[in-house]
Amino acid sequence: MVGESGRVEGQLVFPTEPERGFAEAMEKLAGAIDGLLESAGCRREELVGVGIGCAGPVNPVTGTIHNPFTLPGWEGANPVRVLGERFGVPAHLENDADAAVLGEAFAGSARSLREVVMLTFGTGVGGGALVGGRVYRGVNGEHPEIGHILVDPEGPECYCGVRGCLESVASGTALAKAGQAEGFGDAAEVFEKAAAGDESASRLVDHAVAAVASAFWTILHTFMPQKVVFGGGLMERQFEVFVPALREKVRLAERAWEQRFQFSKAELANDAGVVGAAFRALRGDEIR
Ligand SMILES: [Zn+2]
C-alpha cells in the first residue's frame with residue numbers, strides 16, 4: 001500500500017505459487033489488498049487504483065501476461081481486468097523492471113529525473129528506461145532487454161542464444177556458476193574472496209566489473225540519460241566494487257560529449273517496483 005507521496009505505508013509478502021492457477025492468485029491478491037486497507041483503517045473508497053509490477057513478458061497496453069518461464073499456464077491472463085473490476089478502480093500492469101525505474105524516478109535515487117535507465121542485478125539482469133519521463137516501449141509495448149546487451153562475444157553462453165550477454169557474465173546466477181567452477185560456493189563468496197586478495201576470485205569479479213562498465217558505456221551512448229541507477233540484491237551489497245570502473249566511463253564520456261552523466265545505487269531496494277506500479281495508479285504515466 002503506497003501513499004500519495006510515494007511512501008510505502010503497508011506491505012504483505014507472499015509467494016506467487018503460479019502452479020495453483022491465475023484465479024487463485026487473484027483471490028489471494030484481492031484478499032491482501034482488503035487486508036492492507038483494513039489494517040490501515042482505510043475505507044475501500046479511499047483506494048484510487050491498483051498498480052501491478054510483474055515479471056515479463058507482459059503487455060502493458062492490454063494488461064495481459066505472456067510469461068511461460070515463471071508464470072506457466074497464465075498465458076493471456078489479465079490481472080488488470082480482474083482487479084480493476086473487483087475494486088472498481090483503474091488498474092495498471094507494468095513489467096517489473098519498468099515499474100522499478102518509475103519507482104526510483106518517483107520517490108528514489110532519480111527523483112523527478114525524466115531521462116533515466118535502471119539496471120537490476122539479481123538472478124538475471126533486468127532493465128527499464130524512462131525517455132522524456134515515460135517508460136520507453138518498443139514493439140508490442142515491450143521494454144528494452146538490457147540484460148542481453150553483448151559485453152563479451154567470447155563469454156559464457158546465454159539462454160537467449162548468443163554468448164557473452166551482460167546477464168550471462170554479471171548476474172548473480174552467472175557469478176555463482178563461474179565461481180562454483182573455481183571451487184567457490186556462491187556469488188557472495190566470490191566477492192568476499194576477491195576482497196581478501198584471492199587471485200581467481202578477483203579475476204571473476206574483474207570480468208563482471210568490466211562487463212558492467214561496458215554495458216554502462218553502451219547505455220550512456222544509446223540513451224544519453226541524466227542518470228543510470230543500479231539496483232538488485234547484487235548491487236545492494238557490492239555496488240562500491242563497481243564504482244571506480246563506472247566513474248572512469250563517465251569521465252571518458254563527459255570528455256567527449258557536452259553531457260553530464262550521473263549514476264547511483266538504487267534507493268528503494270525491493271520496494272522500487274511496488275512504488276513504481278503505484279505511481280501509475282497515483283500520477284499517470286509521466287514523471288514530471
Ligand atoms: Zn542473452
Side-chain angles (χ1 to χ4, degrees), residues 1-14 16 22 25-40 42-67 70-71 74 77-114 116 118 120 126-130 133-137 141-143 229 231 266-288:
M1 186 166 69
V2 179
E4 195 63 45
S5 66
R7 212 166 70 104
V8 177
E9 309 279 357
Q11 195 163 108
L12 274 171
V13 179
F14 49 88
T16 310
F22 174 69
M26 289 301 106
E27 274 308 309
K28 208 157 55 169
L29 269 178
I33 294 171
D34 278 330
L36 282 169
L37 288 172
E38 201 185 312
S39 65
C42 291
R43 284 169 294 119
R44 249 208 192 187
E45 305 82 79
E46 289 177 78
L47 182 68
V48 301
V50 176
I52 306 158
C54 180
V58 299
N59 186 324
V61 181
T62 58
T64 49
I65 291 170
H66 307 276
N67 178 350
T70 57
L71 298 172
W74 290 29
N78 193 318
V80 165
R81 192 182 309 136
V82 174
L83 294 175
E85 280 173 10
R86 172 88 171 235
F87 291 95
V89 293
H92 306 272
L93 174 67
E94 289 288 352
N95 175 292
D96 53 1
D98 292 340
V101 69
L102 271 174
E104 287 290 329
F106 177 26
S109 63
R111 229 173 244 109
S112 302
L113 299 183
R114 290 160 58 86
V116 184
M118 179 168 173
T120 307
L130 296 185
R134 291 172 185 261
V135 170
Y136 170 81
R137 302 192 199 281
E142 281 295 345
H143 79 140
V229 180
E267 226 175 80
L268 301 175
N270 278 337
D271 289 341
V274 171
V275 172
F279 172 84
R280 293 284 280 110
L282 290 166
R283 305 279 175 92
D285 62 356
E286 188 180 343
I287 297 284
R288 289 172 200 279

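In this structure, Val275 and Val8 have side chains that are in contact, with non-hydrogen atoms separated by less than 4.5 Å. When side chains are defined from C-beta on, Phe22 does not count as touching Asn78, because their heavy atoms never get closer than 4.5 Å. In this structure the side chain of His92 never reaches within 4.5 angstrom of the side chain of Pro60, judged on heavy atoms. In this structure, the side chains of Leu282 and Val48 come closer than 4.5 Å at one or more pairs of heavy atoms.
Ion pairing of Glu94 with Arg137 is present here, as a side-chain N (NZ or NE/NH1/NH2) and a carboxylate O approach within less than 4.0 Å. Salt bridge Glu46/Arg44: absent, no basic N to carboxylate O contact under 4.0 Å.
Put simply, CE on Met118 and OG on Ser109 are 7.0 Å apart, with the number rounded to the nearest 0.5 Å. Remark: Met1 CE to Glu9 CD distance equals 6.0 Å, nearest 0.5 Å. The CD atom of Glu286 lies 10.0 Å from the CG atom of Leu130; values are rounded to the nearest 0.5 Å. Atom CG of Leu12 sits about 7.0 Å away from atom OG of Ser39, to the nearest 0.5 Å. The distance from the CZ atom of Arg288 to the CZ atom of Phe106 is 13.0 Å, given to the nearest 0.5 Å.
Nearest approach of Ala55 to Thr70, heavy atoms of both residues: CB-OG1, 4.0 Å. Here the shortest heavy-atom pairing between Gly51 and Ala281 reads N-CB, 4.3 Å. The shortest heavy-atom contact between Ala277 and Ala99 is N-CB, 4.0 Å. Taking both residues in full, the closest heavy atoms of Ala107 and Gly6 are given as CB-O, 4.0 Å, listed atom of the first, atom of the second, then distance. Of all non-hydrogen atoms in Leu268 and Gly108, the two that sit nearest each other are CG-CA, 3.9 Å. When all heavy atoms of Ile52 and Leu83 are compared, the closest pair comes out as CD1-CD1, 4.0 Å.
Checking side-chain atoms of Asn67 against main-chain N and O of Pro57 turns up no donor-acceptor pair under 3.5 Å. Proximity of a side-chain donor or acceptor of Asp271 to a complementary backbone N or O of Val274 within less than 3.5 Å is not detected. Remark: side-chain polar atoms of Arg81 are not paired, donor with acceptor, to backbone N or O of Thr64 under 3.5 angstrom. In this structure, the side chain of Asp285 does not engage the main chain of Arg280 through any donor-acceptor pair within 3.5 Å. At distances below 3.5 Å, not a single donor-acceptor pair connects side-chain atoms of His143 with backbone N or O atoms of Ala97. Looking at Arg86, its side chain never comes within 3.5 Å of a backbone N or O of Ala30 through a donor-acceptor pair.
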Check your understanding: Would Phe279 and Ile287 count as a side chain to side chain contact (heavy atoms under 4.5 Å, CB included) if you check the C-alpha gap in whole Å, the side-chain angles of each, and the deciding distance to 0.1 Å?
Key -> CA-CA 9 Å; Phe279 172 84; Ile287 297 284; 3.6 Å; yes
Review point. For Cys54 and Asn95, what are the C-alpha separation, side-chain angles and deciding distance, and is it a side chain to side chain contact (heavy atoms under 4.5 Å, CB included)?
Key: CA-CA 5 Å; Cys54 180; Asn95 175 292; over 6 Å; no
Practice item. Take Val101 and Val229 through the test side chain to side chain contact (heavy atoms under 4.5 Å, CB included) and record every step on the way to the result. Key: CA-CA 8 Å; Val101 69; Val229 180; over 6 Å; no
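Pairs passing the salt bridge (charged side-chain N to carboxylate O under 4.0 Å, His left out) check and including a residue from residues 99-112, sequence neighbours excluded, read Arg111-Glu267.
Of the residues listed (Asn59, Val80, Leu71), the one engaging Ile65 in a side-chain contact (heavy atoms from CB on, under 4.5 Å) is Leu71, and it is the only one.
At most 12 non-hydrogen atoms from other residues, nucleotides or ligands lie less than 6.0 angstrom from CZ of Arg7. Atom CD of Glu38 is surrounded by 12 or fewer heavy atoms from other residues, nucleotides or ligands within 6.0 Å.
Applying the side chain to side chain contact (heavy atoms under 4.5 Å, CB included) rule to Ile33 yields the partners Leu37, Leu47, Val50, Phe87; only residues at least two apart in sequence or on another chain are considered.
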